[in-house]
Amino acid sequence: MTGPHPLPSPIERVEVPAFFSPSRFGALGRCKLSVLGERSASMLLPPTVHALVGTIVHHVRRELSEGHWGAELNREGACAILLAEATQQAELQLSGTASTAALVPLREAMGSRNWELRELRLRRWVARLALQGKSKPARPLRDLLGVPTGQGPDSTRLETGDEAWLVAPSMRLRGKADRIEQTAPGTLDIVDFKSGRLHDEEGQLLPDATLQVRLYALAAEEAGSVSVRLFLEGDARYPVPWGDTEREETRALLKAISEDLPAGKALGAKSLAEPGPHCRGCRLRPSCGRYLQWGPTVWPHPQPTGQEPPLDVWGSLERVVPGSRGDTVELRNADGHLVIVDGVSPSRGLGGLAAGEPVYFFDLERTEDKRAHGRVVHPRNFHEHPPDGGKRLRRARSLQVFLG
Ligand code: SF4
């Protein structure tokens, strides 16, 4: 049994890249470090299960669109086979790494209902299109745990087809659109696929996805396209407005970020980090000094639903009590309160630690659920394995533990 790894050293500086990726631009607007710091971190938290399943669905759509399936199959059958194969490949990758092994099987980690919803959306998409198998062999799923390289062509480029490059060096934009179709001479339809939901609670298209395709439009116009139409595609295709107002707004946003982030400049990580509820999806949390300072300042205050800080906690170890359902860990957290983390797998090696050791937990599940008047309290009772055996509470499958 080995004990937890030490907390990674904090990111100190990052170098600003020459290009921005439209697909990460929304996140860049909330916290610059979350995008620019990924390649500087010595360790990243695993991707969320929703992100992993999104990558699998994306892969299946690409294989179906490009005819990488047996021409003798019908498209529904091909979809089912490709999804099963991609899931198997994903689970093989995840089970080979200690930090992600508990995410297998993915269907359980995601929850059957959510999994079936993704499957249903994929099947609806398949049923709507005239897809053609070309008997080309299915390609392997990409590395799910690697850090995106941020590499690509440096000169102006405007491709059509699937996974089409759009590069506009004068605007510092470079990305791959899921699909670019030439609908008439000089007119392009730019389509981005989304495997999850496409609309927010108010029924509006998600702002990050909308901004992404608008940045593609700017790049396409800069690269020579006369006319552009934009779409987001889930189980149906939704047009994204693109006219003078949207163009001006998108240009202004891009200009502001470009001025803040000059290409090639080395900037201090602390000046780029902007902690907030968006830290929940960020893989840099253990290496982000600003987040580690910010967390304990917001834990004591009830937050609006959906705005809560991540389900992380850290502090000084008080004691570890072994039990039939795993270890119960008592911590004096960083804002001075006693916190219980229940059902911790003994294989994590916390039982051998001395009182007073600083211990960090990332991606726990809440055992208590305190909500009042639309606000949520950061819990003082967490778990890895649920005390109810999984009847109502979920296992913390992405949990990572470090020593300070
Ligand atoms: S943890 Fe939060 S503050 Fe730190 S890089 Fe991620 S999003 Fe930014």
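First listed ligand is number 1; within each ligand, the first listed atom is number 1. Owing to the predicted nature of the structure, the values given are computational and were not obtained by experimental measurement.
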Compile the donor-acceptor pairs under 3.5 Å between side chains in residues 261-274 and protein atoms, sequence neighbours left out, one pair per line.
{"unit_1": "Ser271", "atom_1": "OG", "unit_2": "Gly268", "atom_2": "O", "d": "2.7"}

*Under 2.8 Å from atom 4 (Fe) of ligand 1, which protein N, O or S atoms are there? Could you list them by chain and number?*
Cys288 SG

_Residue His278 vicinity, atoms of ligand 1 by number, heavy atom under 4.0 Å_ = 7 (S)

*For the side chain of Trp165 and the backbone of Arg157, is there at least one donor-acceptor N/O pair under 3.5 Å apart?*
no

_Could you work out, with ring-ring contact (aromatic ring centres under 6.0 Å, His included) as the rule, every residue matching Trp299, not counting sequence neighbours?_
Trp314, His378

*Among residues two or more places apart or on two chains, list those pairs meeting salt bridge (Lys or Arg N to Asp or Glu O under 4.0 Å) that have a residue in residues 372-391.*
Arg348-Glu384

_Taking the cut-offs as 6.0 angstrom to the six-membered ring centre and 45 degrees off its axis, would you call Arg172 and Phe19 a cation-pi pair?_
no

*Tell me yes or no: between the side chains of Gln212 and Asp192, is some donor less than 3.5 Å from an acceptor?*
yes

